[in-house]
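First up is the structure itself, then whatever we jot down about it.
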Number of protein chains: 2
Amino acid sequence: MTTLVFGHKSPDTDSTGSPIIWAWYLNQIKGVDAKPVLLGEPNTEALFMLEHWKLDKPEIIADVDAGQDVVIVDTNNPAELPPSINSANITGIIDHHKLAGGLETAAPLEIRIEPLACTATIMWKMIGSDIAQMPTEIKGAMLTCILSDTLEFRSPTTTQEDKAIAWSLAEDLGVDMTDFASQMFAAKSDVSAFSEAELLRMDSKEYEVGGKQFRVSVLETTSPASILDRKDALMAAMPGVAEEDGADQVLLFVVDILNEEATMLIPNDLTRSVAEKSFDATVSGDTVVLPGVMSRKKQIIPNLKV
Amino acid sequence: MTTLVFGHKSPDTDSTGSPIIWAWYLNQIKGVDAKPVLLGEPNTEALFMLEHWKLDKPEIIADVDAGQDVVIVDTNNPAELPPSINSANITGIIDHHKLAGGLETAAPLEIRIEPLACTATIMWKMIGSDIAQMPTEIKGAMLTCILSDTLEFRSPTTTQEDKAIAWSLAEDLGVDMTDFASQMFAAKSDVSAFSEAELLRMDSKEYEVGGKQFRVSVLETTSPASILDRKDALMAAMPGVAEEDGADQVLLFVVDILNEEATMLIPNDLTRSVAEKSFDATVSGDTVVLPGVMSRKKQIIPNLKV
């Protein structure tokens, strides 16, 4: 049986690239028949990665069959995985997020979770000396994943290991990292083709805080103005998205990668209260700038209060 | 804050030794203040390990405080952990069991689960070249854990890695493995001091199969006769233990380490049906011998049918 390797339902660069990296490793080094797949349309930065390194776009699947061999990467949260995930045969999990609970397996398996910025960094460590056999396009995917998840080392999630491995890959590939990261971030920032509802769901995770269900959405961009120009339409789309997705409120953070700050949209009293209590912010209008805030995982979620 | 390192509630050798090994590593190599603790009385083989290698018996704790830093080893199942485990700060999990689901963390952490026979084997791999700094008594605990969980390589859970690491430790320590394993198994087999109810709970895990809740108990011994002599009293104690623990039925497997077979007790129609459907056995009396069956994880649980 072919082992399917996939990340989460809103494929960003790491969730698109890491399945490709791991399926290469399983096929070429471990002799396991494996295939990368996606659980949704990749974002514009992930598409840039595929085009730049001439990688095939993986097939998108809606669910998995019972008993299907799967390896899960870049998440361990059943809410971000196919509906039938707990009837599949999960043979491995490689991730860098908190333990969500809810995944169960019938047999012992291989799990590797580390508090690093990027799944691809953990894979680099697991692959070890077999990296020598990795072709250019897979190394390229790995570098792109690390630069994406660390926001070119600006994110506070960045560790020395993420940095050292990215530098080593860039040198190996002869890539000018600053120039390449600019191209990546420009691709990620080109969101003109997306509707407001699509933007609110593009990079979004649900969390419960104080009895309220929040859809916490982040848009990382080098062009915050192009998104904030649409703030009225974005705020108008929030109640509909929240209702459809069973949430009480959408929180949108527009992360300015270059200036290392986030702008949070404040459509109502609830979001104002969240901004003031969570980030010690003084809110006067319908947006508030949060200096230094770049990471949902490290700075937004752990501080969220109602 | 001191990090507490512990295994599961019914401490066998691996769940007693692995916390000691990992606390040594955290203290001496990683510079993290750590302390091994137990969640219950260690079994007779684990006590033999402590005495033989002159290790202090860890303190037994009943629960953990909210926010307490903890590392969990040899389990990932909340049912086998302190009641307040999900309010503790879990900084690491090292295990070799199936994913039980139910554990949650607030932040990313380090998790390493591998389908090897023994937690100590995984720790050996994680510690790497720092093994050179490990004192004799910690290496001794590691060897004891591996010999215990593999039943001196007889268990089908045994992997080449478990074997190779045990051989390397035994050579390093100048230990005659066969002789040492005999002493361990003799210690484990000396259960004369325990009541029938204690024996039924000594190495026991709960599983639901076909809507029935089973307490699946295993007694590994080189002296099966000394346990089977007590079979009438053991069967008489089963209904009381099941009722107290909220289970429908206790299943007891007496594993004969040297003859590599298990004897299952058959007190009633339900257990007879389980034996026949799960192990293709023909039951005529109140016990049935299951040739080759040694591992709950690999041979009993995956086959259990009602």
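Atom set for the values below is all heavy atoms of this structure, side chains included, hydrogens, waters and symmetry mates excluded. Throughout, protein chains are lettered first and strands after them, A, B, ... in sequence-line order, and every chain is numbered starting at 1.
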Legend entry - Interface residues of residues 110-117 of chain A facing chain B - non-hydrogen atoms under 4.5 Å apart: E110(A), I111(A), R112(A), I113(A), E114(A), P115(A)
Inset, instruction - Could you go through the side-chain hydrogen bond (donor to acceptor under 3.5 Å, both in side chains) check for D74(A) and S18(A) one step at a time? - result: CA-CA 8 Å; D74(A) 195 32; S18(A) 290; over 6 Å; no
Legend entry - Atom group of I301(A) that falls short of 4.5 Å from chain B, counting heavy atoms: neither
Inset, instruction - Take atom NZ of K125(B) as the centre, draw a 6.0 Å sphere, and report whether it contains more than 12 heavy atoms from other residues, nucleotides or ligands. - result: yes
Legend entry - Choice from L109(B), N86(B), L103(B) maximising heavy atom contacts with chain A below 4.5 Å: L109(B)
Inset, instruction - Taking the side chain as every heavy atom from C-beta outward, state whether I122(B) and V73(B) have any pair of such atoms under 4.5 Å apart. - result: no
Legend entry - By side chain to side chain donor-acceptor pair (under 3.5 Å) - contacts of D65(A) (at least two apart): none
Inset, instruction - With a 4.5 angstrom heavy-atom cut-off, could you sort out which part of K297(A) is near chain B: side chain, backbone, both or neither? - result: side chain
Inset, instruction - Kindly indicate, with the supporting measurements, whether the criterion side chain to side chain contact (heavy atoms under 4.5 Å, CB included) is fulfilled by W22(A) and M123(A). - result: CA-CA 7 Å; W22(A) 201 248; M123(A) 290 179 175; 3.6 Å; yes
Inset, instruction - Step by step, work out the side chain to side chain contact (heavy atoms under 4.5 Å, CB included) result for V216(B) and R296(B). - result: CA-CA 8 Å; V216(B) 183; R296(B) 175 171 48 208; 3.9 Å; yes
Legend entry - D69(B) versus T91(B), side-chain donor and acceptor atoms under 3.5 Å: no
